[in-house]
Amino acid sequence: MKLASRSEMLFSIKSFAAAMLSVYLSMRIGLPRPFWAMMTAYIVSAPFAGPTRSKGIYRAGGTVLGAIAVVFLVPQLSNAPELLSLALALWIGGCLYFSLLDRTPRSYVLMLAGYTAGLIGFPAVGDPGAIFDIALARVEEIVLGMSCATLVHTLVLPQSFAPVLLARLDGAARDAGAWIRDALNPGGDPRSAGERRKLAGDITELRLMSTHLPFDTSHLRWTEKAVNALQERLAQFVPIVSGIEDRLAALRELGADAVSTRWRSLLEDVTALLDTPKDTPLAVQGAALHTRIDALAPESRRELDWTGLLRLNLAARLHMLVDLVLETRLLRQHIDARVHGRLPESVRHLPGVAPSALHQDRGMALLSALAAIVAVLACCAFWILTGWPAGAAAPMMAAVLCCFFAGQDDPAPFIKGFLTYTVYSIPVAALYLLAILPAVHGFGSLVLACAPTFLVLGVLVARPSTFGRAMPFLFGICGALAMVDTHSADIVSFTNGMLAQIMGLAAAALITRMLRSVGAGWTARRLLRAGWQELARLGSGERVTAPREFSARMVDRVGLLTPRLAMAGAHTDLQAADALRDLRVGLNMSMLQSVRAQLGRGEAALTSLMSRLSRRFARLPALDRDEEAGLLAALDNTLRAICQGTVDAAQREALAALTGMRRDLFPQAPAYQPSTLTVYDKETR
């Protein structure tokens, strides 16, 4: 094992100090279970101050909510253990369901409200009259542990979250810039699909990470709006750059003259925009590039052929790309300025896309909740039927583990890993409980006795590679130490408690395997279907989504697909799927919906086309050749109808969107033919 780094040692020392402080204060105050506060301090602790503070606040809120539920339920149903078990199981499952719909750290509130009810309620079944005192004590212990962890990690050499977040932001921006350079270089090698999807995943991860930002100790916490706006611009790069890349490939397929020298010069200058010094004002350069793009774009006349339409689409997307580059650079400058105390007022209130706009899988959330309910009820049934005095620990652990790993495609291996390292912790826990702690007299000797084990475990918890093994090991020891609080530190009670915990973990693993485990390929297909269903709703007009929100959600799905496609292996249907193409089609459909009312005579043709698109995506993955041929003909007829309409910004936007859609859906189709074959293009005048 490699030696601990400075940051790992610092995290371990601070976490141990917070845990011991919480135990000391709990003992001084006279709380019944000081070691619960110790466990909370370790759960809340994170290497950075921002996540520690946010987790502490969310945990406190969830604990209070769970305690309120228990205080209401237990007295009402104490004489009917079966109904009480059902009520607690339904509460745990309901909280888990709603927490899974929010993929930000805020979901911790509802998840904790669920399993905290089990942690408090199941052991209190035998003494329902004292439920209020028990719940109040648990809240006090958990809030105390959270407060100690927050205090220590905030005041003692606090590790700011800002450098990590900014480094990830800049890394994503560099990846986007590298993709732009490859896309705009006619002789360059296109980036692989995996690299493009990885960028989408990084953008989503950044969006979720930034929810900790308001709790950070640095000035960066005041830039949350600017950071979110920058993330949205990065998300918009994905469909725009992939669309430009495809349009340039299509033009090169049409012949050497399709991408002329003037276009190549323009593309080089757009690329050069990325390489300008960091603090250089780019407004003048951007305006000049917009003028050059307009000069090269063909006019939207009825005689426009397929090459002209592709150039029109390319010009429209280049306009968007230049704007995104300028906005991204400006936002990054604003973030740097705020770190030094100077943030323009206009940037403080930028509109953003809420995290709730990201992908939600209600079906999987419901399945996870069902697995948790069944696991808890199975453990409760065994406990009630056998009259096992220590049996309350089984449904408690089943609830905790079903909630902890509900976000995984297959939670069973993670639960089994937790079970394995909990078993490994039993000898150490027994040593502390039965040999070391009985010999401890005074708080100072307790600290000395705990320090060797907990300082080493703290280092392992700080390492991502060992976190999944060290944390259950630490939980096992802390759970055993809590038996001292209940004056049950004997071999019989310890054995019964450990067996009950192992039974709960085993039940969670078994029932999760039966009801909830799915493969990466299954989840990937579900993500694809979710995208297709949204496109079907978009085509029917049932759901008109703002392009930024739609882009954020679809980019999120692309990011979620990336690891699952890699794990799915040789599933040919998945390898043939192109989520980036679906993303581009969806954005084009959103743009068409936004300008539909301004298209005059072309509106009827567009309405018919959108209905066909809705039916197509609702039917996927099945395809009907006759329907596909009809859709292609409808696309061409809509292009002709709009070409004959009034020449204005709405018409150009519609033609660009329809061209991109035709290219994305029918890349191998014969070139579009206008009403006549006369081409009207500024380059050929």
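Any value given below was found using the heavy atoms of this structure, including those in side chains, with hydrogens, waters and symmetry copies removed. In what follows, residues are counted from 1 in the order of the sequence shown. Please read all numbers here as calculations on a predicted model, not as lab measurements.
In this structure, the ring of F454 has its center less than 6.0 angstrom from the ring center of Y42. Annotation: F404 is in aromatic contact with Y115 [ring centroid separation under 6.0 Å]. Taking the six-membered ring for Trp and the full ring otherwise, the centers of F473 and Y421 sit at least 6.0 Å from each other.
Counting heavy atoms from C-beta on, the side chains of M364 and W522 come closer than 4.5 Å. With a 4.5 Å cut-off on side-chain heavy atoms, L446 and L437 count as touching. When side chains are defined from C-beta on, I131 counts as touching I120, because their heavy atoms get closer than 4.5 Å. In this structure, the side chains of P413 and R513 come closer than 4.5 Å at one or more pairs of heavy atoms. In this structure, the side chains of F11 and S45 come closer than 4.5 Å at one or more pairs of heavy atoms. V400 is not listed as a side-chain neighbour of M396, based on a closest heavy-atom distance of 4.5 Å or more. Looking only at side-chain heavy atoms (C-beta outward), Q360 and R553 stay at 4.5 Å or farther from each other. Between T63 and V143 the shortest side-chain heavy-atom distance does not fall below 4.5 Å.
P464 and A462 get closest at one heavy-atom pair: CD-O, 3.5 Å. The two residues G121 and V74 come nearest to each other via the heavy atoms CA-CG2, 4.4 Å. Of all non-hydrogen atoms in I373 and A89, the two that sit nearest each other are CG1-O, 3.3 Å. Of all heavy-atom pairs spanning G479 and M39, the tightest one is N-CE, 3.5 Å. Heavy atoms only, all atoms of each residue included: C402 and A375 are closest at SG-CB, 3.9 Å. Between I511 and A378, the shortest heavy-atom distance links the atoms CD1-CB, 3.9 Å.
Heavy-atom contacts from other residues, nucleotides or ligands closer than 6.0 Å to CZ of F467 number 12 or fewer. In the displayed structure, M471 atom CE is contacted under 6.0 Å by more than 12 heavy atoms of other residues, nucleotides or ligands. Under a cut-off of 6.0 angstrom, the local environment of OH in Y108 is crowded, with over 12 non-hydrogen atoms contributed by other residues, nucleotides or ligands.
Atoms SG and CD1, on C450 and I477 in that order, are 9.0 Å from each other to the nearest 0.5 Å. Taking OG from S85 and CG from L377, the interatomic distance works out to 7.0 Å, rounded to the nearest 0.5 Å. L119 contributes atom CG, which lies 7.0 Å from atom CD1 of I142 (distance to the nearest 0.5 angstrom). Separating the CG atom in L474 from the CG atom in L457 is a distance of 5.0 Å, to the nearest 0.5 Å. Note that NZ of K14 is 14.0 Å distant from CG of L21, once rounded to the nearest 0.5 Å. Atom CG of residue L419 and atom CG of residue L505 lie 5.0 Å apart, to the nearest 0.5 angstrom.
A donor and an acceptor atom, one from each side chain of W388 and N496, are located under 3.5 Å apart. For the residue pair Y432 and T453, a side-chain donor N or O sits within less than 3.5 Å of a side-chain acceptor on the partner.
Under the 3.5 Å distance criterion, the side-chain polar atoms of T52 are left unmatched by any main-chain donor or acceptor of H153. Checking side-chain atoms of S517 against main-chain N and O of T512 turns up a donor-acceptor pair under 3.5 Å. Checked by atom type and distance alone, the side chain of S425 pairs as donor or acceptor with a backbone atom of T422 at under 3.5 Å. Remark: the backbone N or O of A113 is paired with a side-chain donor or acceptor of W91 at under 3.5 angstrom. Proximity of a side-chain donor or acceptor of S445 to a complementary backbone N or O of G442 within less than 3.5 Å is detected. Side-chain atoms of Q501 never come within 3.5 Å of backbone atoms of M498 as a donor-acceptor pair (strictly under, hydrogens ignored). Side chain of S54 to backbone of P51: a donor-acceptor contact under 3.5 angstrom is found. Put simply, the side chain of E141 never gets that close to the backbone of A37: no donor and acceptor are under 3.5 Å apart.
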Chi angles and distances behind the side chain to side chain donor-acceptor pair (under 3.5 Å) call for Y58, S107: CA-CA 8 Å; Y58 297 146; S107 65; over 6 Å; no

For side-chain contact (heavy atoms from CB on, under 4.5 Å), just list the numbers for R463 and V461, CA-CA rounded to whole Å, side-chain angles, deciding distance to a tenth of an Å, and then say yes or no. CA-CA 5 Å; R463 294 177 180 173; V461 167; over 6 Å; no

Trace of the side-chain contact (heavy atoms from CB on, under 4.5 Å) decision for L101 with R362: CA-CA 7 Å; L101 298 183; R362 297 180 181 274; 3.2 Å; yes

Check against side-chain contact (heavy atoms from CB on, under 4.5 Å), V376 and L88: CA-CA 9 Å; V376 170; L88 287 173; 5.8 Å; no

F494/I426 under side-chain contact (heavy atoms from CB on, under 4.5 Å): CA gap, chis, key distance, verdict: CA-CA 10 Å; F494 175 76; I426 291 177; 3.9 Å; yes

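Electrostatic pairing of E534 and R557 counts as a salt bridge here, judged by a charged N lying under 4.0 Å from a carboxylate O. No salt bridge links D410 with R516; every basic N to acidic carboxylate O contact stays at or beyond 4.0 Å.
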